[in-house]
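The next block holds one structure in the form of structure tokens; read it before the comments.
Here the structure is a predicted model, which is why all the values come from computation and not from measurement.
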Amino acid sequence: MPGTVLLLAASPVGRGRLVDAASVLPVLAAVPPAVLAGTDTANVVELADPLEPQAVLTRLRAAATAPGPLTLFVTGQLQLDRRQRLPHLALARTTPATVRYTGLPWHWLREELRLRPPGSTTLVADLHADAESWAWLGANPLDCGRTTAVYGRIAPPRGRRTVAAPTYMKAVATILRSGSRPAVDQLHQAAVTRVAAEGEVGDLLLPQHLVPAQQQWPLPAPAGTGQQPVVAPGGVFVQPPPLPAPAGGTEPVAVAGTPAAVPAARPSAPGASPDPHTAISAAVKDGRHREADDLAAQWERQARDTHGDGSDQALHWAEVRADLAMFAGDAERSCRTWLTVAEARLAAGQPADAPAVEAAVDRAHHQWGRIGDPARARELGAALAELRRRVPGRREGALDDVRGRLRDLQTQV
């Protein structure tokens, strides 16, 4: 099956630039696509110093939904927005004052990759952090999603008026240009060795061990399935499904090749993965959409019974079901579920600009635009418009877009 490669290099224009990110693209572009992807054939998408975060999101979303292995090469710099203190990938127009609106929120990347099958996604990153981001990383992991294998480095600030070179990514590209395609962990180690030989020290190397054992969640298996929780080494339960991070927080990320232990989905099946997301992803891939939704619904009911209707555990599974409806082509059900999730998060006291709230409303808006039945679209459009008044999101004109389409729908039978 063909692979997909996304080459993303971004950094601000002007004095805020920490790294000349785009300088690595000619070297990466000289590598054959199949070598970049580690597959027989591959499609390559290149983004050089993009201006708009929504444009990057569109390309990222297309890459994330493509079948087959996905490899992302991301070069750039990290900055925190001043309001929520969340990491963003700075784009060409980003400044410290505008990063919230002109940068790519890192949790967007995590959200787009979260339902990809385990083992199918690799992120290779060469990132430079400003002083605020570097201090933030000392207490917070850079969350890339539980099923994404992550390799690379995050470099500390190099000093004022110094524009660094993406030496790690250039080392990766140089090794790949030789025509060989070592395993990604070997590729990473070889690149790190080259960077160290050039005298660069103090980097935060990825992958990071980000699943602390104290995060325990002994979630019982859905009733009647005969499933048993999986116990991690040391006899503790490691937090299972990745939950959408609350504002200012993060979620665990699996070390490459070492997925977090979770309650088993099908322990009786030979070779079955202990992660229910794996069984769900396999069912979607095979077109068994009803089976995938039924399995997710079992876990949602169990989470509601154990932790409550508005718990993060229950809302996680509601979000999974919203995405499953999208994959099944049921835009109405997906939209309705995302609206319910957004309302539940707001009712739980999450602010209107919390990443999880904004993401739920944005996804509801996207699915609403795909509903073909005018009557159903009018019904959900009214609810969406009311929600958009409270959660305008980051994209200007979102509420006006809903109101305009509602006016058009009034004329349709």
Where [X] and [Y] come nearest, the two heavy atoms and their spacing:
| X | Y | result |
| --- | --- | --- |
| R116 | G68 | NH2-O, 2.8 Å |
| I175 | A191 | CD1-N, 3.8 Å |
| L8 | P50 | CD1-CG, 3.9 Å |
| P69 | P2 | CD-O, 3.9 Å |
| A352 | L346 | CA-CD2, 4.0 Å |
| P374 | L409 | CA-CD2, 4.1 Å |

For [Y], is there an ion pair with [X] - N to carboxylate O distance below 4.0 angstrom?
| X | Y | result |
| --- | --- | --- |
| D286 | R288 | yes |
| D373 | R378 | no |
| R82 | E132 | no |
| R390 | E386 | no |
| R388 | D362 | yes |

Next item on the list: Please check if atom CZ in R376 has more than 12 non-hydrogen atoms from other residues, nucleotides or ligands closer than 6.0 Å.
Entry: no
Check: For atom CG of D408, is the number of surrounding heavy atoms from other residues, nucleotides or ligands below 6.0 Å larger than 12?
Finding: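 Result for CG/D408: enclosed.
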With a 4.5 Å heavy-atom cut-off, do [X] and [Y] have their side chains touching?
| X | Y | value |
| --- | --- | --- |
| V284 | L324 | yes |
| H128 | R153 | yes |
| D294 | Q298 | no |
| L127 | W106 | yes |
| T306 | Q313 | no |
| L7 | L25 | yes |
| V24 | F73 | no |
| Y168 | V124 | yes |

Is the backbone N or O of [Y] less than 3.5 Å from a side-chain atom of [X], with the two atoms forming a donor-acceptor pair by type?
| X | Y | result |
| --- | --- | --- |
| T94 | L91 | yes |
| H188 | L206 | yes |
| T98 | Y101 | no |
| S11 | V19 | yes |
| W368 | L380 | no |
| R110 | L142 | no |

Out of curiosity, [X] [atom1] to [Y] [atom2], how far, rounded to the nearest 0.5 Å?
| X | Y | atom1 | atom2 | answer |
| --- | --- | --- | --- | --- |
| L339 | L387 | CG | CG | 6.0 Å |
| R194 | T167 | CZ | OG1 | 12.0 Å |
| S133 | N140 | OG | CG | 11.0 Å |
| R363 | D323 | CZ | CG | 5.0 Å |
| T122 | L70 | OG1 | CG | 8.0 Å |
| L89 | L109 | CG | CG | 8.5 Å |

Notebook entry, point to check: Stepwise, does the side chain to side chain contact (heavy atoms under 4.5 Å, CB included) test hold for L47 with L6?
Noted result: CA-CA 8 Å; L47 293 174; L6 178 63; 4.2 Å; yes
Next item on the list: List the steps and the verdict of side chain to side chain contact (heavy atoms under 4.5 Å, CB included) for L123 and L72.
Entry: CA-CA 5 Å; L123 171 64; L72 302 97; 3.8 Å; yes
Margin query: Within the 3.5 Å criterion, strictly below it, is a donor on H289 or D330 matched to an acceptor on the partner's side chain?
Written below: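 Judged by distance alone, the side chains do not pair up.
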Notebook entry, point to check: Does the side chain of T337 pick up a donor-acceptor pair with the side chain of R321 at under 3.5 Å?
Noted result: no
Margin query: So, using side-chain hydrogen bond (donor to acceptor under 3.5 Å, both in side chains) as the criterion, who are the partners of E52 when residues are at least two apart?
Written below: R93
Next item on the list: Take K170 and D126 through the salt bridge (charged side-chain N to carboxylate O under 4.0 Å, His left out) test and state the conclusion after the steps.
Entry: CA-CA 9 Å; K170 285 187 175 180; D126 188 348; over 6 Å; no
Next item on the list: Name the orientation class of the two ring planes belonging to H88 and H107 (parallel below 30°, tilted from 30 to 60°, perpendicular beyond 60°).
Entry: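 Perpendicular: the ring planes of H88 and H107 meet at over 60°.
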Next item on the list: May I have all residue pairs that pass side chain to side chain donor-acceptor pair (under 3.5 Å) and include part of residues 58-79, sequence neighbours excluded?
Entry: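 Qualifying pairs: R61-E112, Q77-Q79.
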Next item on the list: Just do the side chain to side chain contact (heavy atoms under 4.5 Å, CB included) check on V172 and L187 with the steps written out, would you?
Entry: CA-CA 7 Å; V172 167; L187 175 64; 3.9 Å; yes
Next item on the list: For side chain to side chain contact (heavy atoms under 4.5 Å, CB included), just list the numbers for Y151 and Q189, CA-CA rounded to whole Å, side-chain angles, deciding distance to a tenth of an Å, and then say yes or no.
Entry: CA-CA 9 Å; Y151 296 90; Q189 291 300 329; over 6 Å; no
